[in-house]
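Structure first, commentary second.
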Amino acid sequence: MHLQVADQLPRPSKDPKGLADIGKWMSAPRLVHLIHGAELQSQDQMQQQGVTVETSRDMHDAALAAMTFSHLPPVRLSCIRSLVVPAYTGPCLHPDCKEPSCEGNRLSIMSESPLLMHIQLPHHKKARKWGKAVIEFDALLEHHLLIGDTCPYVFMDMHARGFVAAAVLTLYWQKWLVSRGGVPMNPSMCRQVFVDERQSNSATAGPSNQGAAMVMGHSVKQWDKWYDMQYHPRLAQNAVDGMQSWRAAMLQSHSPAAPDLALSSALHCGHVLVSDSEESRYQSCRSDSDIDIELD
């Protein structure tokens with residue numbers, strides 16, 4: 001009985017509109033504006049109040065948000081959690097790493113004004129499938145990134161510990177979003193938000209889909225299969241909308257004076273034609289395989 005009742009209940013909506021209705025979705029423009037506002041505010045507070053616990057935490061959180069979404073294609077959370085500071089010289093902290101010379105997922109500072117960083121990610125979801133190929137790129141932040149010296153990781157929780165558990169980072173991100181006027185959206189949902197904008201009919205100029213997908217650790221094909229929640233509805237609507245221009249083209253290309261090829265005398269369809277002539281009540285057309293069709 002319980003299963004029968006469960007089958008009758010409406011399924012949770014996984015499209016952007018349905019998620020927005022239940023407070024689990026933010027559009028790409030809204031999320032970018034929210035993160036940018038946090039960056040500006042943290043920068044102003046640091047200049048006015050100096051380096052304090054509060055201003056340092058605000059700048060840390062703004063940088064974490066900027067690297068989760070906005071400045072970079074949404075890198076996997078496991079890569080962000082495992083990112084180590086430039087000064088760390090110990091062994092790779094990835095639990096499954098067996099390479100003695102591996103430096104781990106690392107952030108390096110190339111220049112401070114402007115802040116240019118180099119990020120290398122030898123440990124990512126597709127590392128084994130890609131033959132241990134490293135995802136690496138340079139990233140430019142508009143504002144400072146305050147790096148501590150008490151923890152090997154770039155990003156830390158309120159107790160100055162790395163986000164070893166994904167659930168801890170998820171809860172931290174959700175609380176931060178709400179404190180900034182957003183909704184408690186899961187940080188992994190940033191990938192769907194990004195793909196939704198890039199695949200939409202109103203996508204703005206930006207990174208190539210193939211390059212962005214590579215930074216995210218997968219492929220454009222996976223966008224269509226897993227991350228683009230409007231893939232099928234959008235294709236269907238685009239097809240229906242395109243029928244009007246197709247129909248107009250068909251009407252313009254037809255000339256009443258031209259013979260209709262479908263009714264020409266040189267038929268090779270293999271079908272039987274019924275004649276109005278009394279002398280020959282039935283006529284047969286010759287098929288392409290030269291087989292005559294006769295009626296008794």
Side-chain angles (χ1 to χ4, degrees), residues 2-3 5-39 41-42 57-58 60-82 124-125 155 157-158 163-204 206-207 209 212-213 215-238:
H2 174 73
L3 295 178
V5 173
D7 289 339
Q8 300 302 319
L9 295 176
R11 301 290 183 182
S13 178
K14 292 186 178 181
D15 63 279
K17 184 180 183 305
L19 290 172
D21 290 342
I22 61 175
K24 297 294 184 180
W25 178 271
M26 295 176 65
S27 67
R30 182 186 175 190
L31 190 53
V32 168
H33 277 84
L34 185 149
I35 294 173
H36 183 63
E39 291 180 285
Q41 184 177 8
S42 66
R57 176 55 59 176
D58 287 343
H60 166 278
D61 293 348
L64 172 60
M67 294 190 68
T68 304
F69 194 83
S70 180
H71 286 274
L72 304 176
V75 180
R76 301 197 71 87
L77 296 180
S78 59
C79 295
I80 294 177
R81 290 191 292 110
S82 60
H124 54 88
K125 184 178 180 180
F155 299 111
D157 62 16
M158 297 299 293
F163 292 103
V164 178
V168 176
L169 177 56
T170 296
L171 184 61
Y172 189 94
W173 165 270
Q174 291 176 329
K175 288 183 176 180
W176 181 83
L177 270 184
V178 173
S179 70
R180 300 296 307 181
V183 301
M185 184 179 72
N186 193 307
S188 62
M189 188 64 72
C190 290
R191 301 162 76 81
Q192 280 89 341
V193 172
F194 179 75
V195 171
D196 179 73
E197 192 281 331
R198 299 313 304 151
Q199 298 278 67
S200 69
N201 294 331
S202 57
T204 60
N209 289 354
V215 173
M216 294 166 68
H218 51 228
S219 64
V220 176
K221 185 177 180 179
Q222 287 179 284
W223 281 17
D224 299 338
K225 187 175 183 180
W226 299 109
Y227 295 100
D228 188 355
M229 293 185 290
Q230 300 192 85
Y231 177 74
H232 292 99
R234 183 176 60 253
L235 288 183
Q237 189 60 57
N238 288 346

So, do Asn209 and Val195 sit near enough that their side-chain heavy atoms are less than 4.5 Å apart? no
Can you confirm whether Asn201 sits close enough to Asn238 that some side-chain heavy atom of one is under 4.5 Å from a side-chain heavy atom of the other? yes
For the residue pair Ile35 and Ala62, what are the closest heavy atoms and their distance? CG2-O, 4.4 Å
Any luck finding a side-chain donor-acceptor pair between Arg76 and His218 under 3.5 Å? no
Checking side-chain contact (heavy atoms from CB on, under 4.5 Å) for the pair Met229/Leu19: CA distance, chi angles, key distance, verdict? CA-CA 11 Å; Met229 293 185 290; Leu19 290 172; 3.8 Å; yes
Using side-chain heavy atoms (C-beta onward) and a distance below 4.5 Å, is Thr68 in contact with Ile80? yes
Quick one: are Trp25 and Asp196 in side-chain contact, heavy atoms under 4.5 Å? yes
Just how far is it from atom NZ of Lys17 to atom CD1 of Ile22, taken to the nearest 0.5 Å? 11.5 Å
Would you give the length of the straight line joining atom CZ of Arg81 to atom CG of Asp157, rounded to the nearest 0.5 angstrom? 12.0 Å
Using a 4.5 Å cut-off on heavy atoms from C-beta on, say whether the side chain of Pro184 contacts that of Lys24. yes
From Tyr227 atom OH to Gln192 atom CD, the distance as rounded to the nearest 0.5 Å: 6.5 Å
Stepwise, does the side-chain contact (heavy atoms from CB on, under 4.5 Å) test hold for Arg191 with Phe69? CA-CA 8 Å; Arg191 301 162 76 81; Phe69 194 83; over 6 Å; no
Between Tyr172 and Asp61, do the side chains contain a donor N or O and an acceptor N or O under 3.5 Å apart? yes
Strictly by side-chain hydrogen bond (donor to acceptor under 3.5 Å, both in side chains), give each pair with a member in residues 175-184 just once, sequence neighbours left out. Gln41-Arg180
Interatomic spacing from CD in Gln230 to CG in Asp228 - rounded to 0.5 Å: 7.0 Å
For Ala65 against Trp173, the heavy-atom pair lying closest together: CA-CZ3, 3.6 Å
Using the side-chain contact (heavy atoms from CB on, under 4.5 Å) rule, take Val215 and Val75 through it: C-alpha gap first, then chi angles, then the decisive distance, then the call. CA-CA 6 Å; Val215 173; Val75 180; 4.1 Å; yes
Scanning both residues in full, the closest heavy-atom pair of Gly181 with Leu34 reads C-CD1, 4.3 Å
pair Thr204-Glu197: side-chain heavy atoms closer than 4.5 Å: yes
Measure the spacing between NZ of Lys125 and OG of Ser78 and express it to the nearest 0.5 Å. 9.5 Å
Looking at side-chain heavy atoms only, is the closest gap between Arg234 and Tyr231 below 4.5 Å? yes
Considering non-hydrogen atoms only, spot the tightest contact between Glu39 and Ala66 and give its length. OE2-CB, 3.7 Å
Between Gln199 and Asp224: side-chain donor-acceptor atoms closer than 3.5 Å: yes
Can Arg30 and His33 be counted as having a side-chain donor-acceptor contact under 3.5 angstrom? no
Met189 and Met26: CA distance, side-chain angles, deciding distance, side-chain contact (heavy atoms from CB on, under 4.5 Å) verdict: CA-CA 9 Å; Met189 188 64 72; Met26 295 176 65; over 6 Å; no
Considering all heavy atoms, the nearest Cys190-Leu31 contact: SG-CD2, 4.0 Å
If you define the side chain from C-beta out and look only at heavy atoms, does anything of His36 sit under 4.5 Å from Ser70? no
Could you grab the distance from atom OG of Ser219 to atom NZ of Lys225, nearest 0.5 Å is fine? 10.0 Å
